[in-house]
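Numbering of residues begins at 1 and proceeds along the displayed sequence.
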Amino acid sequence: MSFVFPQDMRGFRIHMTGVKGTGMTALAEILVSRGASVSGSDVSDVFYTDEILKQLGIAPQAFSAENITADVQCVIYSAAYSVQTHPELHRAREAGVPCLLYSEALGLFSAGTYSCGICGVHGKTTTAGLAGTAAHEMGLAAQTLAGSAIASFGGSCTLTDGHDFFIAETCEYQRHFMSFHPKKIVLTSVESDHQDYYPTYESIRDAFVEYICLLPQDGELIYCADDRGACECAQAAARLRPDIRLTQYGERAQGQYRVSFGDVKDGRQYFALERFAPFEFALRMPGRHMALNAAAAAALVCSLFEETGRQAGEAERDKLAQGLLSFSGGRRRSEIIGSCRVNGRDIVFIDDYGHHPSAIQVTLAGYKSFYPERTLIVDFMAHTYSRTEALFDRFAGCFSAADEVILHKIYASARETADGFKVSGELLAQAAAKRHPHVRYYAEVMDAYGDVRSELLTLDRDCVFVTMGAGDNWKLGRALYDSLKNNGEGDTAV
């Protein structure tokens, strides 16, 4: 690619097609922070990113070729749109304006600084959020980009404390991460996913190996020793590139970032890292998988701290601990919508983006460990026919930690239709009912509203109600919370 961003971006005019997407909004934050003049366009639907864009001074317009004005010097577009068919991109190409896919633009930024890519089938957004929060506490001059709005980033997708380091979530879908220029990589997990693009486990594994091999001479791979796929990728990359430095984290890890799990008490998960033992860190986020993500973030941030020529001692350990403890999640990542008290019972409403059976299983187990005395109800909506069909049996059996399960029709992705697939939400519900004693099915999300609301009003113990998935069933949890907080005994502390 011959195009490069100018070193001084003040006044550089960029238009972003599909600006409301989380990654696109995060990139807009970075562009604006570096002085660029940014406009954007998207659909009229309201997303949580609208508020972030408003704060940036970007008012998304409807898609139109007229948005590509004579002063536009570059167009960045979401992967949801095609340069062959979208009117804005067609106009830009006719006018000779460079058009960059989001991942290409992110890659150009990464080439100009000391960049660290956080990747994996699960956990990359949370790990990026934890790393950025910890880097901030430890005083690193870093800019972090996560794939969701992060509470400890002030509700934004990015956190900027300087430009010595760039920490970014990088995505495996359609090999988008191959545009990135990493000097360090964090690898959380590898298993079969995105079956519409990676039909086999081997195909997605090989993509991760190729990404790892983008590391420069003596670059560092930080990987989870508890994840079979991550270990397999690390071993394969080491055979191809023996110069790459390998750093393990996890319960099975060798070295400084071996995790020892402590108690779950007072709403906190305690754990220790070999490097700082017997000191214990704590998280306010439920689940052992969260402790593993925190260990990955700790390994990366400590490694970056040492790149500045310093060693992380007790003072830095305490700052790291404060950063991890202050992390309270991201939008749709174990996001606590709120809690209310109804008829003497506390109900906590949580929304989570988990849409792979492995993520669902560990996340629900984490909620059960945090709230052992509460009824755990999960409302799940499967995302994409290809994923549901490929992992059908695993989906049917991944809800064991929940007391009750509610399922819906499959949320169809824009990248595929139901044609040619033999699965449905109803078939998944039937299969899940053979594994779980309490499964209900409502094709449309809001069809469940009346029954669930009546149940929540008559529960005999406290409850956690969780909406999970990459579809739009989050609307059910928010509607129930809004109704019950206004008609119950008011909000309560979580």
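Residues Y257 and Q248 have side chains that never bring a donor and an acceptor to within less than 3.5 angstrom of each other. Side-chain contact of S115 with H181: a donor-acceptor pair under 3.5 Å is absent, judged by distance alone. Donor-acceptor pairing under 3.5 Å is recorded for the side chains of Y201 and E232. Side-chain contact, Q143 with R34: a donor N or O sits under 3.5 Å from an acceptor N or O. Defined by atom type and a distance below 3.5 Å, a donor-acceptor pair is present between the side-chain atoms of Y211 and T170. Side-chain atoms of H122 and E191 form a donor-acceptor pair, as typed in the model, at a separation below 3.5 Å. Judged by distance alone, the side chains of E104 and S179 never bring a donor and an acceptor atom under 3.5 Å apart.
Relative ring orientation between F276 and F281 is described as perpendicular, the plane-to-plane angle rising above 60° on a 0-90° scale split at 30° and 60°. Taking the six-membered ring where the residue is Trp, H355 and Y353 present perpendicular rings, their angle passing 60° and hence far from 30°. Using the six-membered ring where Trp is involved, H86 and F63 have ring planes that are perpendicular, over 60° apart on the 30 and 60° scheme. Ring-plane geometry between F5 and F12 is classed as perpendicular, the angle between the planes exceeding 60 degrees on a 0 to 90 degree scale with a lower cut at 30.
Other residues, nucleotides and ligands contribute more than 12 heavy atoms inside 6.0 Å of the NE2 atom of H383. Counting heavy atoms of neighbouring residues, nucleotides and ligands inside a 6.0 Å radius, atom CD of E94 exceeds 12 of them.
A134 and L324 get closest at one heavy-atom pair: CB-CD2, 4.5 Å. Closest heavy-atom contact between A294 and F271: CB-CZ, 3.8 Å. Here the shortest heavy-atom pairing between A238 and L246 reads CB-CD1, 4.0 Å. Closest heavy-atom contact between F153 and A128: CZ-O, 4.1 Å. The heavy-atom pair separating A295 from L273 by the smallest distance is CB-CD2, 3.8 Å. Considering all non-hydrogen atoms of both residues, A291 and Q269 come closest at CB-CG, 4.4 Å.
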Derivation of the side chain to side chain donor-acceptor pair (under 3.5 Å) call for S358 and R394: CA-CA 8 Å; S358 295; R394 293 183 60 192; 2.4 Å; yes
Quick one, T25 with T22, criterion side chain to side chain donor-acceptor pair (under 3.5 Å). Give me CA distance, side-chain angles, the key distance, then yes/no. CA-CA 5 Å; T25 296; T22 301; over 6 Å; no
Run the ring-ring contact (aromatic ring centres under 6.0 Å, His included) test on F349 and Y481 for me, step by step, so that the C-alpha distance in whole Å, both residues' side-chain angles and the decisive distance to 0.1 Å come before the verdict. CA-CA 7 Å; F349 291 87; Y481 171 63; 5.6 Å; yes
Criterion side chain to side chain contact (heavy atoms under 4.5 Å, CB included) on D352 and Y367, from CA distance to verdict: CA-CA 11 Å; D352 190 82; Y367 296 152; 3.6 Å; yes
Side chain to side chain donor-acceptor pair (under 3.5 Å) assessment of Q61 paired with S41: CA-CA 4 Å; Q61 305 157 288; S41 56; over 6 Å; no
Test V423 against I410 for side chain to side chain contact (heavy atoms under 4.5 Å, CB included), laying out the working first. CA-CA 9 Å; V423 293; I410 295 171; 3.9 Å; yes
Show your working on side chain to side chain contact (heavy atoms under 4.5 Å, CB included) between Y81 and D42 and close with a plain yes or no. CA-CA 11 Å; Y81 305 107; D42 214 313; 3.8 Å; yes
Please walk me through it: do S78 and Y102 pass side chain to side chain contact (heavy atoms under 4.5 Å, CB included)? CA-CA 6 Å; S78 162; Y102 161 78; 5.8 Å; no
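Inter-residue side-chain proximity for F166 and D164 is flagged as unmet; no heavy-atom pair is nearer than 4.5 Å. L480 is listed as a side-chain neighbour of Y449, based on a closest heavy-atom distance under 4.5 Å. Residues V466 and D351 fail the side-chain proximity criterion, which asks for heavy atoms closer than 4.5 Å. Here the side chains of L215 and E220 are not in contact, with every heavy-atom distance at 4.5 Å or above. The shortest distance between side-chain heavy atoms of T188 and Y249 falls below 4.5 Å. With a 4.5 Å cut-off on side-chain heavy atoms, F109 and L27 count as touching. Counting heavy atoms from C-beta outward, M24 and I76 have side chains that approach closer than 4.5 Å. Proximity of I212 to L240: side-chain heavy atoms (C-beta onward) are nowhere separated by under 4.5 Å.
One finds a salt bridge joining E210 and R175 here, because a Lys/Arg side-chain nitrogen approaches an Asp/Glu carboxylate oxygen to under 4.0 Å. Contact check on R310 versus E306 returns no salt bridge, with no Lys/Arg side-chain nitrogen under 4.0 Å from an Asp/Glu carboxylate oxygen. We find that K409 and E444 are joined by a salt bridge, their nearest charged nitrogen and carboxylate oxygen being less than 4.0 Å apart. Looking at R387 and D193, a side-chain N of the basic residue comes within less than 4.0 Å of a carboxylate O on the acidic one, giving a salt bridge. Checked for salt-bridge contact, R275 and E316 miss the test: no charged N lies under 4.0 Å from a carboxylate O. Salt bridge status for R205 with E172: absent, with no side-chain N to carboxylate O gap under 4.0 Å.
Checked against the 6.0 Å centroid threshold, Y198 and Y173 do not count as a close aromatic pair.
The one candidate from I14, L106, L108, V75 that meets the side chain to side chain contact (heavy atoms under 4.5 Å, CB included) condition with L100 is L108. Considering C119, S110, C116 as possible partners of F180, the one that fulfils the side chain to side chain contact (heavy atoms under 4.5 Å, CB included) test is S110.
The main-chain N or O of F47 is found under 3.5 Å from a side-chain atom of D50 such that the two form a donor-acceptor pair. R10 places no side-chain N or O within 3.5 Å of a backbone atom of G35 that could act as its donor or acceptor partner. A donor-acceptor pair under 3.5 Å is absent between the side-chain atoms of R13 and the main chain of Q73, judged by distance alone. Side chain of T126 to backbone of G123: no donor-acceptor contact under 3.5 angstrom is found. Remark: the backbone N or O of M468 is paired with a side-chain donor or acceptor of N473 at under 3.5 angstrom. Remark: side-chain polar atoms of S33 are paired, donor with acceptor, to backbone N or O of I30 under 3.5 angstrom. Counting only distance, with no hydrogens or angles, the side chain of S303 and the backbone of A299 share no donor-acceptor pair below 3.5 Å. Side chain of E88 to backbone of S64: a donor-acceptor contact under 3.5 angstrom is found. Listed for the R239 side chain is no donor-acceptor partner under 3.5 Å among the backbone atoms of A234. At least one donor-acceptor pair closer than 3.5 Å links the side chain of S326 to the backbone N or O of G323.
Under the 6.0 Å distance and 45° angle rule, K183 counts as a cation-pi partner of Y114.
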